[in-house]
Protein chains: 2
Amino acid sequence: MSTLPPAPRRVTAAMVAERAGTSIATVSLVVNGKARGRISDENAARVLAAVAELGYVVDGAASALARGTSDIVVLLAPDLPNPFFGRVIKGVQEELGSRYQLLLSAAASGAQPNATDVRRLSSLRPAGLLVSAPGPDFLDDLPTGTPLVLLDAPGLEARAAVVNYDLAPGVEELARHLAERGHRVIGYLDGATPAATYLLRRELLREAAARHGMTLLADPDVRSGPDLAEAAAATLAALPAWREAGATAIVAAADTLAHGVLAACAEAGLRVPEDVAVAGFDDLPASAVTAPSLTSVALPGDALGRAAAHRLLALIAPDEAAPEEAPGPLAATLTVRAST
Amino acid sequence: MSTLPPAPRRVTAAMVAERAGTSIATVSLVVNGKARGRISDENAARVLAAVAELGYVVDGAASALARGTSDIVVLLAPDLPNPFFGRVIKGVQEELGSRYQLLLSAAASGAQPNATDVRRLSSLRPAGLLVSAPGPDFLDDLPTGTPLVLLDAPGLEARAAVVNYDLAPGVEELARHLAERGHRVIGYLDGATPAATYLLRRELLREAAARHGMTLLADPDVRSGPDLAEAAAATLAALPAWREAGATAIVAAADTLAHGVLAACAEAGLRVPEDVAVAGFDDLPASAVTAPSLTSVALPGDALGRAAAHRLLALIAPDEAAPEEAPGPLAATLTVRAST
DNA sequence: CTGAAAGCGCTTACAG
DNA sequence: CTGAAAGCGCTTACAG
């Protein structure tokens with residue numbers, strides 16, 4: 001049996017204080033970096049030594065209770081395992097630094113982040129909350145009191161702190177690119193969740209297509225969750241109607257979906273790009289090695305994460321905020337590959 | 001400015017108690033489901049009503065402090081955004097149910113989970129800890145006291161609760177498959193981190209290759225992190241030596257790496273599988289649509305996650321543990337596709 | 001069945 | 001510069 005050794009007594013501030021010959025208050029001040037001009041150098045050194053010797057770590061629960069807030073930042077997202085999210089997480093971590101601890105939470109399976117998720121997470125008293133691609137009515141029932149930044153939530157700018165991509169340039173590039181290749185009708189595979197960003201991707205593409213004399217087939221909706229097999233099945237089901245409508249290109253709302261489109265085309269015996277062109281959104285790493293390599297509207301995940309974290313830090317501590325906003329450009333660009 | 005409305009006073013058990021006309025203790029008992037035979041049905045109902053009216057949620061920090069443990073289960077992993085991990089997370093969540101809240105934490109960028117990470121996370125007083133692919137000396141300096149299950153940590157079975165894949169069958173299948181295709185020398189692209197699972201993959205493959213009269217080129221090591229471009233670069237650098245040694249196949253320790261191998265082969269003008277065969281581990285969804293589609297040792301991520309969570313629940317509450325262990329088979333199998 | 005009270009381990013005015 | 005003490009919001013014996 002893999003029994004752990006008997007739990008050694010948790011080291012408390014009281015134990016550190018006793019060892020250092022100071023009060024608990026002094027320990028607290030020192031370990032929280034508030035000793036400046038309040039604690040003698042000698043006592044501070046004694047505390048630090050005792051901390052090191054005993055391996056003391058401030059109890060997060062007690063600290064959060066006393067201060068009213070922890071140093072946890074929670075990132076709530078609908079589709080954590082999506083490779084796209086890796087970049088976002090990295091960007092958030094880089095910007096957050098070591099003062100806050102980033103914890104990730106996946107929304108209830110397959111669903112979008114909602115107010116209930118936030119309520120549950122709020123009981124942890126997080127220092128801040130980052131929510132990616134929230135549902136449309138996310139803000140309506142939201143428990144407030146925790147600094148909150150939404151990512152990828154177009155349309156909610158007026159009601160919350162939001163960090164969005166500038167999708168327009170990339171979508172415009174994609175439309176122009178397809179028009180130049182002679183396409184006139186485009187099938188569209190949408191995401192299954194009603195995230196505002198999906199809505200926007202579709203509408204922007206519809207408009208851009210129209211500007212270039214093309215038609216986007218998005219009615220009736222063809223939708224799929226992020227699962228490749230599901231996307232492939234949805235595509236196979238839609239293919240006859242799309243072909244009949246004259247579609248020579250298929251755009252998917254995300255690369256994970258576009259991978260399913262590629263699989264479906266292979267299964268249907270359609271050559272890409274000769275019989276049908278395919279493109280996606282995100283520009284995932286794997287999209288460089290698909291058969292054929294995938295044209296995609298590249299979304300800079302790390303920049304999004306960094307901008308969101310920057311924004312959140314400003315909400316948490318308005319005074320300490322870095323002077324320059326400078327979150328870097330969040331403009332989408334088009335990566336052209338063999339699939340178009 | 002996206003100012004949030006003034007924070008409404010946090011609802012406390014005291015407020016619920018006052019509204020329900022009971023004591024705080026009664027509220028606690030009811031919301032924690034410990035009312036059975038201790039609280040009159042009437043009072044319980046009054047509490048529940050007050051809870052609903054006020055939207056009360058137990059304060060996690062205070063609860064954790066009082067009980068000594070929260071209901072958070074932390075999953076610590078080196079490479080959260082790896083699509084392979086999505087399945088694992090899903091499996092864990094399914095098995096964990098709604099009683100515990102799963103939070104994910106990425107190990108210090110690019111590194112493996114270590115004792116320091118655990119110490120930091122332990123201050124949250126998690127109910128349990130799940131650690132994926134820990135470093136080799138992970139257990140040496142580990143703060144104990146929290147139920148802990150390791151996933152994908154071969155070799156540590158004797159010293160901790162561990163849930164591992166049975167890699168041997170899949171590796172044997174891969175070796176036999178390659179031998180049947182006439183390969184005699186195999187290049188190996190290893191993972192950059194010294195995770196025990198990577199070590200094991202390589203050693204098992206080396207042994208299986210030998211059994212089938214093949215040689216695995218793993219000395220000197222060729223290694224790469226999970227980034228596709230990095231894996232491609234490592235492959236390009238190693239290719240001349242591999243080719244010179246007569247390698248006609250390349251196996252990568254993970255599909256994310258194998259995708260880089262595919263990219264490198266394309267860049268080097270090598271046809272897959274005619275000039276060189278390629279295979280990986282994990283069987284990621286995208287591996288079904290790569291150019292060419294990728295042969296891979298399939299690792300059932302959801303089964304791993306479910307087994308780990310099952311094991312952890314048993315450690316947290318040995319009495320409540322489900323009678324049947326039955327975590328499902330964790331045997332690796334080979335998915336053969338066009339790349340070999 | 002119920003509630004008063006101690007205690008979880010901190011942080012932060014406050015008094016010195 | 002320092003420490004005693006109140007308080008954060010729960011949970012849990014304990015006494016009734």
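Numbers restart at 1 for each chain; the letters A, B, ... are given by sequence-line order, proteins then strands. Source: prediction; values computed, not measured.
- The side-chain hydrogen bond (donor to acceptor under 3.5 Å, both in side chains) search around B:S28 returns B:N32, not counting sequence neighbours.
- Residue pairs meeting the salt bridge (charged side-chain N to carboxylate O under 4.0 Å, His left out) criterion with at least one member in residues 65-75 of chain B, sequence neighbours excluded, do not occur.
- Residues forming a side chain to side chain contact (heavy atoms under 4.5 Å, CB included) with B:L104 (at least two apart in sequence, or on another chain): A:L80, A:L104, B:L75, B:L80, B:I89, B:L102.
- Screening residues 12-30 of chain A for salt bridge (charged side-chain N to carboxylate O under 4.0 Å, His left out), with sequence neighbours left out, gives A:R19-A:E53.
- Of the possible polar contacts, one joining the A:S122 side chain to the A:V118 backbone as a donor-acceptor pair under 3.5 Å is found.
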Strictly under 3.5 Å: I want the nitrogen or oxygen pairs between protein and nucleotides 12-16 of chain D, one per line.
unit_1, atom_1, unit_2, atom_2, d
D:dT12, OP2, B:K34, NZ, 2.9

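- An OP1 or OP2 oxygen of D:dT2 is reached within less than 4.0 angstrom by no side-chain nitrogen or oxygen of A:T26.
- B:V58 comes within 4.0 angstrom of sugar-phosphate atoms only, judged by non-hydrogen atoms across all strands, and of no base.
- Across all their heavy atoms, A:A196 and A:P154 have their closest contact at CB-O, 3.3 Å.
- Applying the salt bridge (charged side-chain N to carboxylate O under 4.0 Å, His left out) criterion to A:D59, with sequence neighbours excluded, gives A:R10, B:R125.
- For A:R10 and C:dG9, the CZ to P distance is 8 Å, given to the nearest whole Å.
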- Pair assignment for DNA chain C - dot-bracket with | for other-strand partners, Watson-Crick or G-U under 3.5 Å: |||.||||||||.|||
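- In this model, the phosphate group of D:dT2 is approached by a side-chain N or O of A:S40 to a distance below 4.0 Å at OP1 or OP2.
- Nearest-nucleotide mapping onto DNA chain C: of B:A35 and A:V27, the residue sitting toward the 5' end is B:A35.
- Remark: B:T12 is not in phosphate contact with D:dG9, judged by side-chain N or O atoms under 4.0 Å from OP1 or OP2.
- The B:A62 side chain lies nearest to D:dG9 when the options are D:dG9, D:dT2, C:dG9.
- Of the two residues contacting DNA chain C, namely B:G21 and A:A61, the nearest-nucleotide position lying further toward the 5' end is that of B:G21.
- At a threshold of 4.5 Å between non-hydrogen side-chain atoms, the residues B:V31 and B:V51 count as touching.
- Residues of residues 117-125 of chain A that place a heavy atom closer than 4.0 Å to DNA chain C do not occur.
- OP1 or OP2 of C:dG3 has at least one side-chain nitrogen or oxygen of B:S23 nearer than 4.0 Å.
- Counting to the nearest Å, the C1' atom of D:dG9 and the CG atom of B:D59 are 6 Å from each other.
- Without hydrogens or angle criteria, A:E94 side chain to A:V92 main chain gives no donor-acceptor distance under 3.5 Å.
- Partners of B:S105 under the side chain to side chain contact (heavy atoms under 4.5 Å, CB included) rule, at least two apart in sequence or in another chain, are A:L103, B:V74, B:L76, B:L121.
- The closest side-chain heavy-atom distance from A:V11 to A:V57 is not below 4.5 Å.
- Each side-chain hydrogen bond (donor to acceptor under 3.5 Å, both in side chains) pair with one or both residues in residues 35-48 of chain B, not counting sequence neighbours, would appear here, but there are none.
- Taking every heavy atom of residues 42-53 of chain A and every atom of DNA chain D, pairs under 4.0 Å involve A:N43, by number.
- A:D152 pairs by the salt bridge (charged side-chain N to carboxylate O under 4.0 Å, His left out) definition with A:R201, not counting sequence neighbours.
- Between A:K90 and A:D302 there is no salt bridge, since no side-chain nitrogen of the basic residue lies less than 4.0 Å from a carboxylate oxygen of the acidic one.
- Here the nucleotide nearest the side chain of A:L65, chosen from D:dT2, C:dC10, D:dG9, is D:dG9.
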